[in-house]
Amino acid sequence: MASNVDKDGLRDAYQDVRADTSDTNWALFRYKGAQIIHDQSGENLEELQQLLADDDRAFVFVRVAAGDELSKRQKFVLLTWVGPSVSTLKRARVSIDKALVKSVIQNFAVELQVETPDELSMDYLRAAVDKVGGANYGTGQRG
């Protein structure tokens with residue numbers, strides 16, 4: 001059974017996360033039957049951690065403040081959540097469906113697959129963004 005994507009729902013949530021005027025920092029896309037839909041959006045990752053279970057498959061678009069004290073900028077991360085209890089067949093389906101999600105969610109600095117709530121922390125995501133982001137121009141001093 002082929003999956004499909006609610007492109008309008010995903011696009012609206014994606015644009016909300018990207019908007020400088022919005023407080024929304026993440027958008028959760030999950031399966032509803034064979035369709036991938038925008039499920040929820042929010043401001044902090046702790047809310048998101050509560051929404052993803054061991055048997056869930058989902059995609060999350062997250063805004064991350066990157067850089068240092070001299071050069072702050074917004075970066076975006078596309079997460080694929082595959083809980084540890086997801087079957088092999090459903091895991092395989094996620095990689096196929098990710099292409100459908102990426103037809104809507106096109107601008108992001110980092111793409112990660114996560115399986116534990118610990119990986120849904122801003123520190124973890126910021127470190128991943130910084131790793132691919134290149135130069136940090138700060139003084140190196142820690143407050």
Side-chain angles (χ1 to χ4, degrees), residues 1-138 142-143:
M1 171 163 64
S3 296
N4 64 18
V5 174
D6 172 16
K7 287 187 177 183
D8 290 339
L10 267 66
R11 189 175 300 108
D12 290 348
Y14 165 69
Q15 290 172 342
D16 185 34
V17 172
R18 288 189 57 85
D20 291 337
T21 56
S22 173
D23 290 332
T24 303
N25 285 324
W26 57 265
L28 172 62
F29 311 114
R30 64 167 83 214
Y31 292 85
K32 181 177 183 182
Q35 188 176 39
I36 299 169
I37 62 160
H38 171 235
D39 185 59
Q40 289 188 49
S41 293
E43 293 180 29
N44 71 50
L45 288 179
E46 290 76 28
E47 298 168 301
L48 179 62
Q49 289 173 341
Q50 306 305 312
L51 297 173
L52 295 170
D54 284 356
D55 59 349
D56 274 340
R57 301 171 296 154
F59 303 93
V60 186
F61 186 64
V62 183
R63 177 191 341 213
V64 177
D68 54 46
E69 66 272 17
L70 299 178
S71 171
K72 288 273 186 220
R73 58 207 173 279
Q74 299 301 317
K75 296 290 186 175
F76 301 92
V77 178
L78 178 63
L79 300 174
T80 303
W81 171 270
V82 181
S85 301
V86 172
S87 72
T88 304
L89 189 61
K90 286 185 175 180
R91 281 176 185 272
R93 182 84 234 169
V94 167
S95 60
I96 295 165
D97 292 340
K98 187 189 308 183
L100 298 172
V101 172
K102 287 167 78 172
S103 72
V104 178
I105 312 299
Q106 296 181 347
N107 295 306
F108 48 88
V110 181
E111 180 179 341
L112 298 170
Q113 182 162 324
V114 293
E115 296 187 5
T116 68
D118 296 349
E119 294 170 311
L120 289 172
S121 75
M122 199 50 77
D123 287 343
Y124 181 83
L125 298 181
R126 193 171 292 115
V129 166
D130 287 348
K131 188 187 285 186
V132 300
N136 279 340
Y137 298 105
R142 305 225 178 245

Ignoring hydrogens, what is the shortest heavy-atom contact between [X] and [Y]? Give both atom names and the distance.
{"X": "Leu28", "Y": "Arg30", "result": "CD2-NH2, 3.1 Å"}
{"X": "Arg93", "Y": "Tyr31", "result": "O-OH, 4.3 Å"}
{"X": "Phe59", "Y": "Ile36", "result": "CE1-CD1, 3.8 Å"}
{"X": "Leu112", "Y": "Tyr124", "result": "CD1-CE2, 4.1 Å"}
{"X": "Val5", "Y": "Gln35", "result": "C-NE2, 4.1 Å"}
{"X": "Leu10", "Y": "Ile105", "result": "O-CD1, 4.2 Å"}

Got a sec: does the NZ of Lys90 have more than 12 other heavy atoms crowding it under 6.0 Å? no
In this structure, are over 12 heavy atoms from other groups packed under 6.0 Å from Ile96 atom CD1? yes
Those residues that, when tested against Ala127, pass side-chain contact (heavy atoms from CB on, under 4.5 Å) (two or more places apart):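 Per chain and number, Ala127 pairs via side-chain contact (heavy atoms from CB on, under 4.5 Å) with no residue.
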Going by side-chain contact (heavy atoms from CB on, under 4.5 Å), name the residues that satisfy it together with Glu115, two or more places apart in sequence or in a different chain. Arg91, Gln113, Glu119
Is there a donor-acceptor contact under 3.5 Å from the side chain of [X] to the main chain of [Y]?
{"X": "Trp26", "Y": "Gln40", "result": "no"}
{"X": "Arg63", "Y": "Asp23", "result": "no"}
{"X": "Arg126", "Y": "Val64", "result": "no"}

4.5 Å side-chain heavy-atom contact, [X] and [Y]:
{"X": "Phe29", "Y": "Val104", "answer": "no"}
{"X": "Asp12", "Y": "His38", "answer": "no"}
{"X": "Asn107", "Y": "Tyr14", "answer": "yes"}

If you measure from [atom1] on [X] to [atom2] on [Y], what distance do you get to the nearest 0.5 Å?
{"X": "Ser22", "Y": "Glu43", "atom1": "OG", "atom2": "CD", "result": "7.5 Å"}
{"X": "Asp97", "Y": "Asn4", "atom1": "CG", "atom2": "CG", "result": "9.5 Å"}
{"X": "Asp6", "Y": "Asp39", "atom1": "CG", "atom2": "CG", "result": "11.5 Å"}
{"X": "Gln49", "Y": "Ser121", "atom1": "CD", "atom2": "OG", "result": "7.5 Å"}
{"X": "Arg11", "Y": "Gln106", "atom1": "CZ", "atom2": "CD", "result": "9.0 Å"}

Checking Leu120 against Leu79 for the side chain to side chain contact (heavy atoms under 4.5 Å, CB included) test, could you report, in this order, the C-alpha distance in whole Å, the side-chain angles of both residues, the deciding distance, and whether it holds? CA-CA 9 Å; Leu120 289 172; Leu79 300 174; 3.5 Å; yes
Which residue in the set Asp123, Val60, Leu125, Asn25 passes side-chain contact (heavy atoms from CB on, under 4.5 Å) when paired with Leu45? Leu125
Quick one: sort the Phe76 and Phe61 rings into parallel, tilted or perpendicular, breaks at 30° and 60°.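 Correct class here is parallel.
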